[in-house]
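Below you'll find the structure, written out as structure tokens, and then a few comments.
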2 protein chains.
Amino acid sequence: MTTIKDISKVAGVSVTTVSRALNGYSDVNEETRKKILEIAKQLNYSPNTLARGLVMKKSQTIGLLVSGMNRESVKDNLTFQVLCGINECVSVRNYDLILFNTDSTRQREKTYTQLCRERKVDGVIIQGIKLDDPYLKEVMESDIPCVLVDIPVETNTVGYVTTDNVLGAKKAVEHLIELGHQNIAMVNGSNQAFVSKQRLKGYEIALKENGIKVKRNWIVDGEFKEEMAKEVVLSLLSSTPEITAIFCASDLMAMGALKACQEQGLVVPNDISIIGYDDILLASYVTPSLTTIKQDMFEMGYEAADLLVDMLEGKAKKRHRILETKLVQRESCTRI
Amino acid sequence: MTTIKDISKVAGVSVTTVSRALNGYSDVNEETRKKILEIAKQLNYSPNTLARGLVMKKSQTIGLLVSGMNRESVKDNLTFQVLCGINECVSVRNYDLILFNTDSTRQREKTYTQLCRERKVDGVIIQGIKLDDPYLKEVMESDIPCVLVDIPVETNTVGYVTTDNVLGAKKAVEHLIELGHQNIAMVNGSNQAFVSKQRLKGYEIALKENGIKVKRNWIVDGEFKEEMAKEVVLSLLSSTPEITAIFCASDLMAMGALKACQEQGLVVPNDISIIGYDDILLASYVTPSLTTIKQDMFEMGYEAADLLVDMLEGKAKKRHRILETKLVQRESCTRI
DNA sequence: GTGAAAGCGCTAACAT
DNA sequence: ATGTTAGCGCTTTCAC
């Protein structure tokens with residue numbers, strides 16, 4: 001393995017000069033620089049990032065803490081899309097990505113801070129974390145620059161990227177109301193998820209603004225799972241047959257709701273309208289295809305990485321970015 | 001940041017002893033070890049992996065070279081599944097993962113070997129690479145331990161994980177033959193993809209073994225893309241209306257074929273049978289749902305990582321692993 | 001414009 | 001069982 005020492009020998013200069021030349025410092029003779037660059041190329045030199053990181057105390061590396069990379073999480077590739085976005089941005093801005101695992105059997109063996117310090121990552125992006133996750137507390141207390149996806153925490157070192165979930169949910173419910181619906185139920189996700197709280201808020205606002213009373217027992221929890229959503233919708237349908245539309249806090253749950261309706265012999269959208277959230281890939285493939293609120297997860301990832309690097313480089317004016325959502329009309333909703 | 005030096009001071013021993021104690025060497029007094037461990041905990045010590053990597057010349061890190069992490073690759077989450085599998089295994093076996101980007105704008109700025117050497121990765125997993133990719137040649141010439149997903153290259157330092165694609169394709173075509181089909185076309189992927197060559201072989205073998213003649217003009221190329229497959233199937237249908245079944249080398253292309261048939265007013269499977277390959281998530285959601293050859297990409301990733309770590313630790317008996325495929329019968333094929 | 005020297009945090013001979 | 005010492009490859013004062 002070639003080192004700067006090797007280069008310095010061949011070039012007949014000191015390692016200092018080699019280092020400076022290679023790093024583009026100005027105080028080095030153009031002749032010398034040229035020669036050094038030449039030799040480095042010939043010797044097929046690549047810098048040792050470990051050594052550099054050791055002395056500079058930073059590694060040009062961003063840590064990635066992702067939950068939802070297990071065998072079960074195949075159905076919604078939201079996580080993957082976020083990953084792709086991060087990957088794209090990070091490579092443009094010349095960082096590498098190191099993947100920390102959070103949901104294996106070895107989980108929680110190391111704390112968040114340990115993970116980061118050991119690897120000397122410059123910053124971290126966290127995705128798929130719940131509000132009650134112990135990591136979250138650590139994040140807020142630590143001084144490691146960090147960007148959260150879909151959790152609005154802002155401190156001196158922590159920022160976040162999210163969509164306007166209140167507005168998104170509001171759009172969904174307003175769409176149903178415009179179609180003439182008044183009896184609108186909601187299948188929410190986890191009550192420990194930030195987005196759930198927000199979407200519930202949007203649901204309530206939309207109803208109130210339109211003079212419709214919010215009924216507590218029309219709001220059920222599907223844990224963001226297809227099967228669970230199916231269950232709760234089944235019981236919802238039997239207990240409150242007067243509902244004509246359901247707003248689901250995720251497409252996956254909307255698919256569960258779809259199944260529940262079909263099982264009850266209800267035709268969607270003729271008998272009952274269903275609107276989802278996310279616009280996952282499957283949304284356009286299920287029958288009937290799902291009307292939904294689209295969020296661009298690729299962009300979410302991209303912006304998260306972009307914000308973090310901005311923060312690292314002291315270019316971030318504000319430490320949060322809010323992305324837009326969009327109503328996508330398909331077949332699962334109709335005028336009453 | 002606490003270092004072993006800090007610990008050594010507090011404990012009143014040398015850094016060597018601290019190092020040895022922390023790394024579980026046997027030649028250290030139990031009393032001393034206990035005290036050191038205690039102090040390390042109190043001081044909230046975490047080791048600096050950069051420093052360790054620098055001296056040990058290895059980093060307990062596995063590099064990941066993935067193509068297909070861009071905005072377009074959202075439809076088949078095969079890549080993601082492989083990633084999840086790798087991630088799972090790697091964390092069990094106590095390595096971290098570093099993600100190298102290969103298809104950004106900055107692509108090819110650095111060579112494969114540079115990427116690896118700079119980061120001092122112990123080994124690499126490569127996924128989604130084509131046979132004519134310049135990286136591949138480099139891999140074979142380099143001495144960095146490497147496992148390839150779906151490319152059968154084996155050297156002293158390179159191994160691979162794949163499925164038996166010949167057998168898989170054979171299963172698919174035999175299934176069609178059993179259903180009474182004789183006029184079976186094939187939509188293949190890229191001729192620079194290893195799996196394509198194999199699947200073509202399986203197709204030909206199945207036909208020959210059943211006394212059916214292989215017709216060159218019944219074999220078309222869809223570039224593994226849905227749109228492209230639709231195009232070529234459209235022209236196939238008009239030029240050779242006698243075909244009763246199509247074997248597609250991927251589910252995505254099978255979906256394209258499906259669309260082509262529908263556009264031509266053909267009912268699948270009544271008028272024509274279609275069988276895919278992969279068993280992607282969408283396969284069970286399109287209408288009609290796709291009969292296909294399932295490969296378990298999560299396992300593929302898991303085994304790739306497992307094999308690599310075995311190689312790194314000198315435990316690998318053989319440097320390749322072949323996984324099984326399975327026929328999944330759904331609605332897109334029927335008896336003639 | 002260039003070099004000598006120190007040091008980042010750690011491991012590993014080689015003593016003792 | 002423990003300490004001394006050197007050194008991994010790099011950057012960075014400080015001096016010339």
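Below, chain A is the first sequence line, B the second, and so on; all start at residue 1.
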Per-nt protein contacts along nucleotides 7-16 of chain C (heavy atom under 4.0 Å; B base, S backbone sugar-phosphate only, - none) come out as BBBBBBB---
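- Counting only distance, with no hydrogens or angles, the side chain of B:R319 and the backbone of B:T155 share a donor-acceptor pair below 3.5 Å.
- Heavy atoms of A:D27 sit under 4.0 angstrom from at least one base atom.
- Axis orientation changes by 40° from one end of the helix from C:dG1-D:dC16 to C:dT16-D:dA1 to the other, with each end axis drawn from 5 pairs and the value rounded to 10°.
- At whole-Å resolution of the value, CZ in B:R117 and P in D:dC10 are 11 Å apart.
- Between the P atom of C:dG3 and the CG atom of A:N29 lies a distance of 11 Å, rounded to the nearest Å.
- Whole-Å rounding puts the A:K58 NZ to D:dT11 P distance at 13 Å.
- A:T17 has no side-chain polar atom (N or O) that falls below the 4.0 Å cut-off from OP1 or OP2 of C:dG1.
- Evaluation of the salt bridge (charged side-chain N to carboxylate O under 4.0 Å, His left out) test over residues 305-315 of chain B, restricted to residues two or more places apart or in two chains, returns B:R93-B:D306, B:R93-B:D310, B:R93-B:E313, B:D306-B:R321, B:D310-B:R321, B:E313-B:K315.
- The number of heavy-atom neighbours closer than 6.0 Å to NZ of B:K58, taken from other residues, nucleotides and ligands shown, is above 12.
- A donor-acceptor contact under 3.5 angstrom links the side chains of A:T113 and A:E138, judged on distance only.
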A:N44 and B:R117: CA distance, side-chain angles, deciding distance, side-chain contact (heavy atoms from CB on, under 4.5 Å) verdict: CA-CA 11 Å; A:N44 198 12; B:R117 285 195 318 210; 3.9 Å; yes
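- When side chains are defined from C-beta on, B:L308 does not count as touching B:Y95, because their heavy atoms never get closer than 4.5 Å.
- Taking the side chain as every heavy atom from C-beta outward, B:C84 and A:N70 never approach each other to under 4.5 Å.
- The existence of a salt bridge linking B:R33 and B:E30 is confirmed by a sub-4.0 Å separation between a basic side-chain nitrogen and an acidic carboxylate oxygen.
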